[in-house]
Amino acid sequence: MIESRFSSGTPALGFGAAPLGNLFAPVTDEAAHGAVDAAWDAGIRYFDTAPYYGLGLSESRLGASLSARPRAEFLLSTKVGKRLLNETSPRVDGLVDGQWAIATARQWTRDYSRAGVFRSLEESLERLRCDRVDIVFVHDPDRHVDQVERETAPALEELRAEGVISAYGVGTSDWRIADRLLSTTNLDAVMIAGRWTLIDRSAAPLLAHAQSRGVWLAVAGPFNSGLLARPWPADDSMFEYSPAGDELVALARELALVCRRHGATLPEAAIQFATRSPGVSTVVAGIASAAEAVADVTAFARDIPRSLWAELDRIVEGFQSRS
């Protein structure tokens, strides 16, 4: 199981390492290492990555940055299911897979097989420069849930029994898939991305189920890919990796004005939203720089008046009822 010191009952802030894979924009090695160092100095002790993030770049950078840290003092998770291949792709116009600002990249494939799980994790451990990880999440199973139940989960249970991993779970933005796997496998953890946020609360049934099962619950993507990341949302804000559109930008700006009236900011409310939910173990925010690490830790610790939450809830619930 996941070490008890990381499950104290008080939600902690986790480091989402997707930006270290050059998510949407290049990040230098120096900036990536600086982000991890600043996060560590600010008290963050949970780091999450995946082979898919930057097609190996995120894991390599995170591994290098954490290699000198005492392994027993932090929690580390990665993912299986999106396995990297040996073949490389040349530079393309724009972003690789619409997300990664990298010059060349290894190709990848979905592979939820037993052999694929073992191979993917072995390569991840090499990039991460360690001999074990604490949690392995099955990454975005989508249409492969039957295979996950039949093959992936038993493979991960083997690795858990051998001590190569401490726990396994599912990491997805589709709360229905996670909800199903809670019932059909012996997983220890769930990471739900972008579906339990200030403006997207669709994962409520999953949270209730996870709490009833006592699993370790990570809520990721609190800023919904950028819409909630700034005190005043820009016209071109992103929501779930696509342009947010006028309606969602208007909603976010209405929330921002309410936050301002209560002496808070929209990012502060966004990063703290899930901490009000029973059973949430950690909120995982993507961090690309030392400045972002410090800003996120500061926002996460900010005291927000109860009256603000009540007003924000009324606005979002009204929006949802009209949509």
Engineer: Decide yes or no for Tyr46 and Leu76: does some side-chain heavy atom of the first lie under 4.5 Å from some side-chain heavy atom of the second?
Structural biologist: no

Engineer: Between Thr104 and Thr88, do the side chains contain a donor N or O and an acceptor N or O under 3.5 Å apart?
Structural biologist: no

Engineer: Parallel, tilted or perpendicular: which fits the ring planes of Phe273 and Trp196, with parallel below 30° and perpendicular above 60°?
Structural biologist: tilted

Engineer: More than 12 non-hydrogen atoms from neighbouring residues, nucleotides or ligands closer than 6.0 Å to CZ on Arg106, yes or no?
Structural biologist: yes

Engineer: Answer whether the closest heavy-atom distance between the side chains of Arg45 and Trp40 falls below 4.5 Å.
Structural biologist: yes

Engineer: Over all heavy atoms of both residues, which pair between Pro231 and Leu266 is shortest? Give the atoms and the distance, please.
Structural biologist: O-CB, 4.2 Å

Engineer: Side chains of Thr152 and Gln147: donor-acceptor distance under 3.5 Å anywhere?
Structural biologist: no

Engineer: Would you say Leu227 and Val258 are hydrophobically clustered, going by side-chain heavy atoms of ILVMFWY under 4.5 Å?
Structural biologist: yes

Engineer: Please name the pair of heavy atoms, one in Ser173 and one in Ile192, separated by the smallest distance, quoted to 0.1 Å.
Structural biologist: C-CD1, 4.0 Å

Engineer: Looking at every non-hydrogen atom in both residues, tell me the closest pair between Leu181 and Pro141 and how far apart they are.
Structural biologist: CD1-CG, 4.4 Å

Engineer: Quick one: pull up CD in Glu126 and CG in Asp131 and give me the separation to the nearest 0.5 Å.
Structural biologist: 12.5 Å

Engineer: Got Asp313 and Arg276 here, is their nearest side-chain heavy-atom distance under 4.5 Å?
Structural biologist: yes

Engineer: The test is side-chain contact (heavy atoms from CB on, under 4.5 Å); show your working for Leu13 and Thr282 and say whether it passes.
Structural biologist: CA-CA 6 Å; Leu13 181 62; Thr282 182; 5.8 Å; no

Engineer: Answer whether the closest heavy-atom distance between the side chains of Val117 and Leu159 falls below 4.5 Å.
Structural biologist: yes

Engineer: Verify, without hydrogens or angle tests, whether Ser242 (side chain) and Phe239 (backbone) share a donor-acceptor contact under 3.5 angstrom.
Structural biologist: no

Engineer: Using atom types as modelled and distance alone, determine if a side-chain donor or acceptor of Ser113 lies under 3.5 Å from a backbone N or O of Gly116.
Structural biologist: yes

Engineer: For a quick check under 3.5 Å, do Ser124 and Glu59 share a side-chain donor-acceptor pair by atom type?
Structural biologist: yes

Engineer: Can you tell whether the side chains of Asp134 and Arg71 come within less than 4.0 Å, N to carboxylate O?
Structural biologist: yes

Engineer: Does Glu158 pair with Arg114 as a salt bridge, N-O distance under 4.0 Å?
Structural biologist: yes

Engineer: Please check if atom CD in Gln320 has more than 12 non-hydrogen atoms from other residues, nucleotides or ligands closer than 6.0 Å.
Structural biologist: yes

Engineer: Would you mind reporting whether Met191 and Val284 have side-chain heavy atoms less than 4.5 Å apart?
Structural biologist: yes

Engineer: With Asp179 as reference, evaluate Leu206, Asp174, Val190, Leu207 under the side chain to side chain contact (heavy atoms under 4.5 Å, CB included) test and give the passing residue.
Structural biologist: Leu206

Engineer: With distance as the sole criterion, is a donor-acceptor pair present between the side chains of Tyr112 and Glu149 under 3.5 Å?
Structural biologist: no

Engineer: For a salt bridge (Lys or Arg N to Asp or Glu O under 4.0 Å) check, start with the C-alpha distance between Glu311 and Arg261, then their side-chain angles and the critical distance, and finish with the verdict.
Structural biologist: CA-CA 11 Å; Glu311 191 166 353; Arg261 194 165 64 247; 2.3 Å; yes

Engineer: Does CZ belonging to Arg69 count more than 12 external heavy atoms closer than 6.0 Å?
Structural biologist: yes

Engineer: Taking the basic N atoms (NZ, or NE/NH1/NH2) and the acidic carboxylate oxygens, is any pair closer than 4.0 Å for Asp235 and Arg253?
Structural biologist: yes

Engineer: Output the distance between atom CG (Leu217) and atom NE2 (His209), rounded to the nearest 0.5 Å.
Structural biologist: 12.0 Å

Engineer: Hey, what do you get for CG (Leu66) to OG1 (Thr49), rounding to the nearest 0.5 Å?
Structural biologist: 10.0 Å

Engineer: Working note: Ser77 + Phe47, criterion side-chain contact (heavy atoms from CB on, under 4.5 Å); need CA distance, chi angles, decisive distance, verdict.
Structural biologist: CA-CA 6 Å; Ser77 63; Phe47 300 86; over 6 Å; no

Engineer: Do NZ/NE/NH1/NH2 and the carboxylate oxygens of Asp146 and Arg180 come within less than 4.0 Å?
Structural biologist: yes

Engineer: Do Arg195 and Asn224 have a side chain donor and acceptor closer than 3.5 Å?
Structural biologist: no

Engineer: Only one of Tyr52, Trp108, Phe24, Tyr241 passes ring-ring contact (aromatic ring centres under 6.0 Å, His included) with Trp100; say which it is.
Structural biologist: Tyr52

Engineer: Can you tell me how far the CD atom of Glu122 sits from the CZ atom of Arg127, to the nearest 0.5 Å?
Structural biologist: 10.5 Å

Engineer: Using modelled atom types only, decide if a donor and an acceptor are shared between the side chain of Ser60 and the backbone of Leu57 within a distance under 3.5 Å.
Structural biologist: no

Engineer: Kindly compute the distance separating CG (Asp29) from CZ (Arg61), expressed to the nearest 0.5 Å.
Structural biologist: 4.5 Å

Engineer: Are Leu255 and Leu308 joined in one hydrophobic group, where the rule is that I, L, V, M, F, W and Y side chains link up if heavy atoms are under 4.5 Å apart?
Structural biologist: yes

Engineer: Closest approach of Pro51 and Thr78, non-hydrogen atoms and distance?
Structural biologist: CD-OG1, 3.6 Å

Engineer: With heavy-atom distances below 4.5 Å as the criterion, would you say the side chains of Leu228 and Pro233 are in contact?
Structural biologist: no

Engineer: Set out, in order, the CA-CA distance, both residues' side-chain angles and the distance that settles side-chain contact (heavy atoms from CB on, under 4.5 Å) for Gln99 and Tyr53, then state yes or no.
Structural biologist: CA-CA 9 Å; Gln99 297 183 70; Tyr53 299 159; over 6 Å; no

Engineer: Same cluster for Val297 and Leu20 if Ile/Leu/Val/Met/Phe/Trp/Tyr side chains link at under 4.5 Å?
Structural biologist: yes

Engineer: Could you tell me if the side chain of Asp111 sits less than 4.5 Å from the side chain of Val80, heavy atoms only?
Structural biologist: no

Engineer: Under 4.0 Å between a Lys/Arg side-chain N and an Asp/Glu carboxylate O for Arg213 and Asp188?
Structural biologist: no

Engineer: Does Glu240 reach the main-chain N or O of Ser225 with its side chain, forming a donor-acceptor pair under 3.5 Å?
Structural biologist: no

Engineer: At their closest point, which heavy atom of Ala39 faces which heavy atom of Phe15, and how far apart are they?
Structural biologist: CB-CD1, 3.5 Å

Engineer: For Pro19 versus Ala288, what's the shortest heavy-atom pair and its separation?
Structural biologist: CB-CB, 3.6 Å

Engineer: Test His262 against Ser307 for side-chain contact (heavy atoms from CB on, under 4.5 Å), laying out the working first.
Structural biologist: CA-CA 8 Å; His262 286 264; Ser307 56; 3.4 Å; yes

Engineer: Hey, does Lys79 have a side-chain heavy atom less than 4.5 Å from the side chain of Asp48?
Structural biologist: yes

Engineer: Would a single hydrophobic cluster contain both Val164 and Phe74, if residues Ile, Leu, Val, Met, Phe, Trp and Tyr are joined by side-chain heavy-atom contacts under 4.5 Å?
Structural biologist: yes

Engineer: To the nearest 0.5 Å, what is the distance between CG (Asp296) and OG (Ser289)?
Structural biologist: 8.5 Å

Engineer: Do Ile315 and Leu257 sit in the same hydrophobic cluster, where Ile, Leu, Val, Met, Phe, Trp and Tyr count as joined when their side-chain heavy atoms come under 4.5 Å apart?
Structural biologist: no

